[in-house]
Amino acid sequence: MELLWKSHMKIHAMKLVYALLLVTLMSSKVTECRKGKIISTSFEYSALNCRAHSVSLKDFGGVGDGKTSNTKAFKSAISHLSQNASEGGSQLYVPAGKWLTGSFSLISHFTLYLHKDAVLLASQDINEWPVIKPLPSYGRGRDAAAGRHTSLIFGTNLTDVIVTGDNGTIDGQGSFWWQQFHNKKLKYTRPYLIELMFSDNIQISNLTLLDSPSWNIHPVYSSNIIIKGITIIAPIRSPNTDGINPDSCTNTKIEDCYIVSGDDCVAVKSGWDEYGIKFGWPTKQLVIRRLTCISPYSATIALGSEMSGGIQDVRAEDITAVHTESGIRIKTAVGRGGYVKDIYVKKMTMHTMKWAFWITGNYGSHADKNYNHSALPEIKNIHYRDMVADNVSMAGNLEGISNDPFTGICISNVTITMAAKAKKQPWTCNDIEGITSGVTPKPCDLLPEQGKENIRDCDFPSDYLPIDMLELKQCTYSI
Ligand SMILES: *[C@@H]1O[C@H](CO)[C@@H](O)[C@H](O)[C@H]1NC(C)=O
Ligand SMILES: *[C@@H]1O[C@H](CO)[C@@H](O)[C@H](O)[C@H]1NC(C)=O
Ligand SMILES: *[C@@H]1O[C@H](CO)[C@@H](O)[C@H](O)[C@H]1NC(C)=O
Ligand SMILES: *[C@@H]1O[C@H](CO)[C@@H](O)[C@H](O)[C@H]1NC(C)=O
Ligand SMILES: *[C@@H]1O[C@H](CO)[C@@H](O)[C@H](O)[C@H]1NC(C)=O
Ligand SMILES: *[C@@H]1O[C@H](CO)[C@@H](O)[C@H](O)[C@H]1NC(C)=O
Ligand SMILES: *[C@@H]1O[C@H](CO)[C@@H](O)[C@H](O)[C@H]1NC(C)=O
């Protein structure tokens with residue numbers, strides 16, 4: 001059955017007409033009609049773009065019984081819709097049900113919409129996961145040198161693509177993959193849940209992602225990206241289940257996300273060692289707001305370790321971490337090259353942490369032995385302010401690289417309450433330079449306190465990134 005799309009204006013006009021009717025008639029009959037025939041059969045949400053055409057997966061042979069493979073149904077629905085891409089774009093509606101599927105690819109000017117009771121169940125048949133080449137900025141797969149399994153929802157060289165829903169679910173059924181990873185049985189790198197490459201104008205919103213085989217959301221070599229209202233859940237010991245990994249991306253917004261995972265909640269990346277240096281594609285202009293993270297063995301926000309294309313201009317605010325290993329963590333190594341600079345974080349609340357701040361200059365983990373021993377990363381202009389943390393084992397463990405100090409570190413207005421069993425020395429610092437202001441407990445000597453009369457705030461940009469200027473449209477569809 002076709003879903004009919006109605007323009008915002010039309011709905012507006014209709015609402016007005018009904019309002020007038022209500023006022024003149026004062027009749028409950030009209031209210032019922034309004035509820036029964038119009039409002040309850042439509043759904044609306046905000047999006048980069050609304051679509052002129054919409055079909056349901058059911059119309060393409062989809063079976064939502066949790067057992068039948070729907071890979072073909074997804075492919076044929078999307079292939080059908082590709083014919084209408086240039087005429088106002090198209091939407092694939094996934095109704096309530098359990099839709100088993102392998103990997104499938106999206107198209108431009110396209111929306112995938114999941115009903116609140118729709119569950120995409122990732123197939124456990126390895127033949128449903130085609131193998132593609134490693135990422136050029138990594139040179140090899142993360143799990144295995146050869147190719148990598150295509151992500152469940154994949155897209156490359158697209159523009160204007162939306163994956164959203166009324167908090168519908170994508171279940172990666174990851175234990176199948178975690179076992180093979182632990183038993184070293186993987187021939188190729190594990191798939192992600194959502195990966196978009198070389199794409200522009202991306203929205204991923206209002207979804208729940210469960211048990212990803214590996215990373216959850218991976219936009220790479222892409223720009224103008226909104227990731228909003230996402231819940232990500234994976235066991236806290238599951239391997240490499242990073243939440244959201246913007247990788248060589250420009251102008252990205254991550255907002256209102258709740259993440260429980262076995263790896264970093266957000267991991268900002270840009271390629272690995274000599275491959276990343278050669279590819280030279282940075283992540284820049286990234287804003288992260290209202291993120292809640294639970295990750296006892298990893299970071300709330302990690303910068304790296306793959307940062308060889310550079311990371312610049314990251315702004316994070318209103319971040320909450322609970323029972324998480326570290327707050328903001330920079331990971332890098334000799335051989336990475338690249339840079340991490342102009343990083344701003346404010347208004348962060350942390351409960352039960354191993355480290356509030358962690359910088360690691362000797363992370364190691366190289367793509368291969370051919371990395372350039374002279375390629376030193378440049379780490380500078382790191383600003384942290386307005387934070388409270390309690391039950392913390394170590395306030396900061398800040399380790400630069402000898403002959404390559406990490407500079408311009410600024411920490412202000414930060415109150416850390418140490419755990420009863422905390423380490424004796426709250427701070428450890430090596431090969432770093434910077435200042436602090438209004439920080440307790442008293443920081444290390446390499447971060448001298450400016451004193452009461454010289455109190456200053458660390459920087460945080462007051463302007464907006466272009467992605468914040470983008471206004472979403474209100475789209476209404478009715479069945
Ligand atoms: C998210 O869902 C809410 C309703 O629950 C809707 O109002 C909003 O437009 C959606 N936002 C996005 C970005 O999908
Ligand atoms: C979608 O595209 C097909 C093929 O070009 C065309 O026949 C069909 O009329 C289009 N549908 C709509 C609703 O425009
Ligand atoms: C996608 O875009 C990249 C970068 O512009 C290009 O190198 C690649 O060939 C394109 N791939 C396809 C399948 O068009
Ligand atoms: C979405 O669903 C998840 C899992 O059921 C739930 O924890 C979360 O609160 C829901 N989010 C919204 C906005 O309803
Ligand atoms: C403090 O942290 C420890 C683990 O380091 C934990 O066992 C304990 O429950 C935490 N206490 C509170 C009050 O959160
Ligand atoms: C290794 O890195 C150094 C410092 O960036 C650079 O000057 C040199 O050209 C690089 N060597 C190779 C073989 O890429
Ligand atoms: C210090 O940080 C706290 C939040 O942790 C904030 O409420 C307070 O306003 C900040 N103080 C100043 C002087 O900025």
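Order of listing sets the numbers, starting from 1, for every ligand and every atom in it. Please read these numbers as outputs of a predicted model, since none were measured by experiment.
Proximity of atom 7 (O) of ligand 5 to the protein is not indicated, since no non-hydrogen protein atom lies closer than 4.0 angstrom. There is a protein heavy atom less than 4.0 angstrom from atom 11 (N) of ligand 5.
For Lys347, no heavy-atom contact with ligand 7 is shorter than 4.0 Å.
Closest protein heavy atom to atom 2 (O) of ligand 6: Asn372 ND2, 2.3 Å. The closest protein non-hydrogen atom to atom 5 (O) of ligand 5 is Thr352 CG2, 4.5 Å. The shortest contact between atom 9 (O) of ligand 5 and any protein heavy atom is with Asn391 ND2, 4.7 Å. At the top of the distance list for atom 4 (C) of ligand 6, counting protein heavy atoms only, stands Ser374 O, 3.5 Å.
At a threshold of 4.5 Å between non-hydrogen side-chain atoms, the residues Tyr363 and Ser305 count as touching. Considering only heavy atoms from C-beta on, Lys269 stays 4.5 Å or farther from His218 through its side chain. Two residues are said to be in side-chain contact when any heavy atoms from C-beta on lie closer than 4.5 Å; Thr164 and Tyr45 meet this criterion.
Distances from atom 14 (O) of ligand 7 to the heavy atoms of Val388, Thr349, Asn413 put Asn413 nearest.
In this view, Asp313 and Arg315 satisfy the salt bridge (charged side-chain N to carboxylate O under 4.0 Å, His left out) rule, not counting sequence neighbours.
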(request) Determine, stepwise, if the pair Tyr258 / Ile233 fulfils side chain to side chain contact (heavy atoms under 4.5 Å, CB included). (result) CA-CA 8 Å; Tyr258 176 90; Ile233 314 268; 4.2 Å; yes
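Among pairs with a residue in residues 375-403, those fulfilling ring-ring contact (aromatic ring centres under 6.0 Å, His included) read Tyr344-His383, Phe357-Tyr384, at least two apart in sequence or across chains.
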